[in-house]
Amino acid sequence: MKNSDVARHFEEIGDLLEIQGANSFRVRAYRNGSRTIEDLAEPIASIAAEGEKALVELPGIGKDIAAKIVVLLETGTTPQLEQLREEVPPGVVQMLRIQGLGPKKVKALFKELEVTSLEELKAAAESGAVAELKGFGKKTAQTILDGIEHVEQAGNRYFISEALVPAELILEDLLKLDSVTQASIAGSARRRKETCGDLDLLATSSNSAEAMELLANHELVEKVLAQGDTKQRVRLRSGIEMDLRVVPDESYGAAMQYFTGSKEHNIVIRQRAQKRGLRLNEYGIFKDEELVAGKTEEEVYKAVDLPWIPPELRENRGEIEQAEEGQLPKLLELKDIKGDLHMHTTATDGTASIREMAEAARERGLKYIAITDHSKRVTMANGLDADRLRKHWAEIRKIREEFSDIEILCGIECDILEDAELDLPDDVLSEGDWVIAVLHYGLKQPGEQIMKRLLNAVKNPYVCAIGHPSGRIVGRRPGADIHYPDLFKAAADHGVFMEINAHPSRLDLDDIQAAAAKDHGIPIVINTDAHSTTGFDVMKYGVYQARRAGLEKKDVANTRTFKQFKKMLRTSS
DNA sequence: GCCGTTTTCGGCCCGACTGTTTTCAGTCG
């Protein structure tokens, strides 16, 4: 059972308990436990194998949840969840996803109207039954109908790229207003989380009405959902919702800190404030009623005896302890990247030639690239067999003579076949400069076979890197069942790199596994997997992911000069 | 349900906005 399955199990217990009206702190305890498991780099089953005591040492896991983890791993479920599922049908949990419906209202709908699915809820709202319930009204019924439509048509979360692009455009327009003195993106988009549920914008302004009017009439905005004096919520045409908050100048830093989150990070920061006899909210840090800090984020952190913490790290995954000890990493930056080792050309499924890709890479300041078209197994991309690959490499060797200021490596993205063999023979691979081995097919194979394939690739003397290791698509397709500690140990032993694929739909390794790979001392490469000349522009998303993993420049191989990079290759001689 | 250098019991972050209410509960972030 994967960590994500175990985490989801306890998340569901939390949801169901909440609908039943359980103590909210008990509900939160299950969610905290769930999150701890979700964030683990190691399989929870390995920890459980050491005994219940090892589980209890995890934050947010006590005796009770530890015992349930053991039962869950042994039997595939827990009596508690089975019992809860009997009491609360699955459609009722679905109702929690509707904006404006929380546990109390959902419970009332379920108990009073016996509504157990979104369809039944829709019918009840349309018939007027919902509006007649105590605590409900016509507007609530309409909100529910809008909410159902939204849940049905849009997925709930957006790729970081889908979130940041409109947010940056709107931010730019806000800053053009004379009345707006400062403005920034906050929330999960500022933390560069791989997906965002919504967007947060923050501004200081002498005229908050003007800022809100601009947003209400913005071409990217579809509808104003709520509006007060300091807070406005809108839905963009893309479906994503955005909050704008206008705060006083002296509170800007506190509001940035507050609305950047994460919730888990902020809870700990506020607890630190409490311990120091201070009160922290979005307006500042207060001693009794006196404002003692709030204009900048640095001030806020200083008031709780911490240095400023980069937003990407604010997840309460150890960054507060690091900050306390002065051990925060100096995070990688986009400008540190000097090479890109994964891209395609018209030889397979790319849209640009070798020369065009090299020129585009040079324009972006890259000093070295590897052309890595597909191997033959990927028939739909016109993958290369040995003959075509050798000709392709000959072509690359010819073209690279034309470029004095950028190195072009003869590479290949070689499939690791379902039977664990590589898609091209060793004698062919040995002629290249850079071999990335990847899983494309058979991602649903049992973990044992997946590991056999990956380990076989790692042991091959010509494989330089494992590309997009899990094969996941963010929010859409789960990755292969990988036992990461074994993979990383083998990669470290054989000097094989791990890729962070920078495409916003992949971001694979994810942040947690990238941090674990760093701990194993494995060199990491961040690659765009560009299929066109504009494909290079996704590099920043890979860098964001690396920053969330706490990676520094030294942890990432393609920050090196070409000379240094080449020395790291096992095939270099 | 979890947690502990004020605590093994009694806490557990905090304010804005909405809609349904006649003073506030529910929801959200």
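In this text, all values refer to a predicted model and were calculated from it rather than measured experimentally.
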- Query: Counting side-chain heavy atoms from CB outward, which of B:dC2, B:dG19, B:dA16 is closest to A:T230?
  - Reply: B:dA16
- Regarding A:Y544 and A:E312, is there a side-chain donor-to-acceptor distance under 3.5 Å anywhere? no
- Task: Check whether NZ of the Lys or CZ of the Arg A:K295 lies under 6.0 Å from the centre of the six-membered ring of A:Y252 and within 45 degrees of that ring's axis.
- Result: no
- Query: Could you give the CD-to-C1' distance, from A:Q227 to B:dG19, as a whole number of Å?
  - Reply: 17 Å
- C1'-based separation of B:dT6 from B:dG10 [nearest Å]: 13 Å
- Pick the P atom in B:dG1 and in B:dT5, then give their distance to the nearest Å. 23 Å
- Query: Given atom CG of A:L280 and atom C1' of B:dC12, what is their separation to the nearest angstrom?
  - Reply: 17 Å
- Is the distance from OP1 or OP2 of B:dC13 to the nearest side-chain N or O of A:R270 less than 4.0 Å? no
- Taking protein heavy atoms under 4.0 Å as touching, what does nucleotides 23-29 of chain B look like 5' to 3' if B marks base contact, S marks sugar-phosphate-only contact and - marks none? ---SSSB
- Item | Separation between the P atoms of B:dC9 and B:dC14, rounded to whole Å | 25 Å
- A:L202 atom CG is separated from B:dA16 atom P, nearest whole Å, by 14 Å
- Query: Is any NZ, NE, NH1 or NH2 atom of the basic residue among A:D511 and A:R317 found under 4.0 Å from an Asp or Glu carboxylate oxygen of the other?
  - Reply: yes
- Task: Sticking with atom C1', work out how far B:dC3 lies from B:dT8, rounded to a whole angstrom.
- Result: 9 Å
- Query: Which one of A:R272, A:K275, A:R276 satisfies the salt bridge (charged side-chain N to carboxylate O under 4.0 Å, His left out) criterion with A:D305?
  - Reply: A:R276
- Selected nucleotide, minimal atom distance to A:A226 side chain, candidates B:dC2, B:dC17, B:dG15: B:dC17
- May I ask you to verify if any side-chain N or O of A:N281 is less than 4.0 angstrom from the OP1 or OP2 atom of B:dG15? yes
- Query: Below 4.0 angstrom from OP1 or OP2 of B:dG15, is there any side-chain N or O of A:R279?
  - Reply: yes
- Query: Any Lys/Arg nitrogen of A:K2 or A:D5 sitting under 4.0 Å from an Asp/Glu carboxylate oxygen of the other?
  - Reply: no
- Item | Nearest-Å distance once atom P is located in both B:dT20 and B:dT27 | 13 Å
- Item | Distance below 4.0 Å between A:T140 side-chain N/O and B:dT20 OP1 or OP2 | yes
- CA sep, side-chain torsions, deciding dist, call: A:Y484, A:K489, side-chain hydrogen bond (donor to acceptor under 3.5 Å, both in side chains): CA-CA 8 Å; A:Y484 283 98; A:K489 187 170 181 313; over 6 Å; no
- Roughly, in whole Å, what's the span from CG in A:D146 to C1' in B:dG19? 15 Å
Polar pairs (N or O, both sides) under 3.5 Å between protein and nucleotides 5-8 of chain B?
none

- Rounded to whole angstrom units, what separation is found between the CZ atom of A:R26 and the P atom of B:dC2? 10 Å
- Message: Could you check whether A:E315 pairs with A:R191 (Lys NZ or Arg NE/NH1/NH2 to Asp/Glu carboxylate O, under 4.0 Å)?
- Response: yes
- Task: Would you indicate, yes or no, if B:dC14 has its OP1 or OP2 atom less than 4.0 angstrom from a side-chain nitrogen or oxygen of A:Q274?
- Result: yes
- A:I69 CD1 to B:dG1 P: how many Å, rounded? 14 Å
- Specify the separation, in whole Å, of atom CG of A:N23 and atom P of B:dG1. 10 Å
- Measure from CD1 on A:I267 to C1' on B:dG11 and round the result to the nearest Å. 14 Å
- Query: Is the closest basic N to carboxylate O distance between A:R35 and A:E38 below 4.0 Å?
  - Reply: no
- Does B:dA16 have a Watson-Crick or wobble mate here (both distances under 3.5 Å), and if so which one? B:dT27
- Task: Determine, for A:R314 against A:E297, whether the closest basic-nitrogen to carboxylate-oxygen distance falls under 4.0 angstrom.
- Result: yes
- Looking at A:R233, A:K193, A:R235, which hits salt bridge (charged side-chain N to carboxylate O under 4.0 Å, His left out) with A:D198? A:R233
- Message: Under 4.0 Å between a side-chain nitrogen and a carboxylate oxygen: does that hold for A:E11 and A:R31?
- Response: yes
- Item | Nearest-Å distance once atom P is located in both B:dC12 and B:dT7 | 16 Å
- Note on the structure: Taking for A:F25 and for A:L58 the nucleotide of DNA chain B with the nearest heavy atom, the one nearer the 5' end belongs to A:L58
- Query: When the C1' atoms of B:dC13 and B:dT22 are considered, how many whole Å apart are they?
  - Reply: 30 Å
- Task: For the side chain of A:K68, starting at C-beta, report the closest nucleotide among B:dA16, B:dG1, B:dC12.
- Result: B:dG1
- Base, sugar-phosphate alone, or nothing: which one does A:N266 contact when heavy atoms must sit under 4.0 Å apart? nothing
- Message: In whole Å, measure the gap between the C1' atoms of B:dT21 and B:dC17 for me.
- Response: 15 Å
